[in-house]
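When reading the values below, keep in mind they use all heavy atoms of this one structure, side chains included, and skip hydrogens, waters and symmetry mates. Just so it is clear: chains get the letters A, B, ... in the order the sequence lines come, proteins before strands, and each one is counted from 1.
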There are 2 protein chains.
Amino acid sequence: MAKKMIGIDIGGTEIKFALIDVYGNISKKWKIKTETADNGNHIPNAIIRAINEEILNGTDGTKDIIGIGIGVPGPISQNGELVVKAVNLGWSDMPLKLVIEKELQLPVILLNDANAAALGEMWKGAARGKANLVFVTLGTGVGGGIILNGEVLNGTHSSGGEIGHIPVQSEEQRICGCGNINCLETYSSANGLLKTMSLLDEKKQLTKDGFTTIDVFDWLKEGNALAEQAVQKTVTHLGFALAGIMNTIDVEEIVVGGGLSEAGDLLLEPLKTVIDRHVFPEIRGNYGVKKAELGNDAGIYGAVYAYLTAQQHPNER
Amino acid sequence: MAKKMIGIDIGGTEIKFALIDVYGNISKKWKIKTETADNGNHIPNAIIRAINEEILNGTDGTKDIIGIGIGVPGPISQNGELVVKAVNLGWSDMPLKLVIEKELQLPVILLNDANAAALGEMWKGAARGKANLVFVTLGTGVGGGIILNGEVLNGTHSSGGEIGHIPVQSEEQRICGCGNINCLETYSSANGLLKTMSLLDEKKQLTKDGFTTIDVFDWLKEGNALAEQAVQKTVTHLGFALAGIMNTIDVEEIVVGGGLSEAGDLLLEPLKTVIDRHVFPEIRGNYGVKKAELGNDAGIYGAVYAYLTAQQHPNER
């Protein structure tokens, strides 16, 4: 029987678990609520309990489980042991790796959730067979992960792939959650698109109170000019940033995930047009822009893949 | 006696040579004119002749020379054997590595000249002791090199580090030599600064015909508002691009070289201010922006260093 690993994706509202073998087959999935009380200090024990109850104490046993990969919504320290900060969870320098390893007696790899999703898409999703890619996720914010030669670019200050915080030149002044002004995610996230649509629809003909990005794309399909402008602005800022990234690190593929990517070609086609106009001639025509394929499972796959590859290069940790 | 290497930097007007030992000591430097007639087809033989005449046939002999590193003004093929294109030289798919190796019976490493300069600054210049950096050179155009974990990021299409072609959002339409519109180098190179100054000085009070970037910085020192605006625009576009790069690949240091960097703090201080405003909070205060130290020798040092490190990782080629 193939050796198995536990993949975990810690989010602000729930924590997803999966039992996955080394070929990527999922044999079990479950989840628990994220308990953020007391600065999220109960989360590690909740994870340990969830694994003990669902697997280790059950018939699945530990004997075939070789390790655990955990995707976390925040940067990981250079030595791979601490979650430096996870605002959504209340964490600051949380020694998650050692706590889990000590209790479960299984080796643990931590990585940032966007990096995990990037690895997942490379292993089992839209970027199968590629070793160099940019993953960008367009949700509430804009997250990103860079993979070079099959490995996550974590960065000197654990800030590699913070694509959402590439600055945008604009007449506007949008304040980002990070404290900076005019970060890409203030324009090209779901929230950014909503904001842009609100500003364009000055007379509140469409937006009134309460509308979603799905509404915006529906209005676009109906031929509404304001919705078209709003989407165009969203993809223009994103496309400039991605073309700039391509001309800097020159990877094979761009994978776009997150809620906004559900709009499919309504988002991807104008985005490709912008990127294509601004990539270096040697790159044009020789790279791909694809929709992510794994949805919410990308992080779980990637966390496990990170564990697998870390075992293959033990000296690099 | 320490083993020696030959470092070569091929430019559009001259080809620089140096005899350098493995510790980076230069024992001899010379140069020849670049003969671009017949699509630069005479250049390889001119290089071979220059090496034979100056070294191999002389008292320096070949016995201590272990290899040759060559920086070239164009992209290198993935297998490291061809210069894919070098517009200034007239080259297209020039098999420079094999030609030189065959004639001189010495191993040769080729690399892009901006990448060579980046490695040189890491080995012996402004980024000594760092393994992760961005090098940007502000000359006629804007060149760049990315070093991650001590190695050049060459890219999937040999276009890694083409920082000068990151697109800039602007009301203007400046056509770049690469064919794209509003590439960074149309704003933040020496030529870009001259263009900006000309456009700002509508009444030709200062610029008339013929002025240099040195003039612009002199006017800035004298407190001229137009020169200040021109320099500010130059550093703003560059600073946005560099902050975006930092938030993507999160390196330790930015090294700025090329003619414009000779302006020193008049350029670097406002540049630092822009970058600092837009880097991710985790990075702010934890990275450096430095002026390049090796000037025209950076490429020679880097070419030799590339040869040295390639020998240490022979399986990666």
Novice: If you count heavy-atom pairs within less than 4.5 Å of chain A, which of B/V168, B/N132, B/L184, B/T236 leads?
Specialist: B/V168
Novice: Let me know if A/S158 has heavy atoms under 4.5 Å from chain B in its side chain, its backbone, both or neither.
Specialist: backbone
Novice: Main chain of B/T156, side chain of A/D250: is a donor-acceptor contact present, judged purely on distance under 3.5 Å?
Specialist: yes
Novice: Any non-hydrogen side-chain atom of B/N180 less than 4.5 Å from a side-chain atom of A/P281?
Specialist: yes
Novice: Highest number of heavy-atom pairs under 4.5 Å with chain B: which of A/N286, A/N182, A/N154?
Specialist: A/N286
Novice: Flag yes if more than 12 heavy atoms outside A/Q232 fall under 6.0 Å of its CD atom; otherwise flag no.
Specialist: yes
Novice: Does the side chain of A/L148 reach to within under 4.5 Å of the side chain of B/L153, using non-hydrogen atoms?
Specialist: yes
Novice: Say you draw a straight line from CD of A/E171 to CD of B/E171; how long is it, rounded to the nearest 0.5 Å?
Specialist: 7.0 Å
Novice: Answer yes or no: are there more than 12 heavy-atom neighbours, outside A/K291 itself, under 6.0 Å from its atom NZ?
Specialist: yes
Novice: So, do A/K85 and B/E282 sit near enough that their side-chain heavy atoms are less than 4.5 Å apart?
Specialist: yes
Novice: Take atom CD of A/E293 as the centre, draw a 6.0 Å sphere, and report whether it contains more than 12 heavy atoms from other residues, nucleotides or ligands.
Specialist: yes
Novice: Take atom CG in B/L199; do more than 12 heavy atoms of anything else shown fall under 6.0 Å from it?
Specialist: yes
Novice: Using the ring-ring contact (aromatic ring centres under 6.0 Å, His included) rule, collect all pairs that involve residues 165-188 of chain A, keeping only residues at least two apart or in two chains.
Specialist: A/H165-B/F280, A/Y187-A/H237
Novice: Look up atom CD1 in B/I166 and atom CG in A/N247, then write down how far apart they are to the nearest 0.5 Å.
Specialist: 7.0 Å
Novice: Less than 4.5 Å apart, any side-chain heavy atom of B/T248 and any of A/T248?
Specialist: no
Novice: Go through A/I249 and B/I249 one step at a time and tell me if the side-chain contact (heavy atoms from CB on, under 4.5 Å) criterion holds.
Specialist: CA-CA 9 Å; A/I249 59 170; B/I249 61 170; 3.6 Å; yes
Novice: Top residue by heavy-atom pair count (under 4.5 Å) with chain B, among A/S159, A/G160, A/A131?
Specialist: A/S159
Novice: With a 4.5 angstrom heavy-atom cut-off, could you sort out which part of A/V279 is near chain B: side chain, backbone, both or neither?
Specialist: backbone
Novice: Need one label for A/I283: side chain, backbone, both or neither, based on atoms under 4.5 Å from any heavy atom in chain B.
Specialist: both
Novice: Rounded to the nearest 0.5 Å, what's the gap from NE2 on A/H157 to CZ on B/R284? Could you check?
Specialist: 12.0 Å
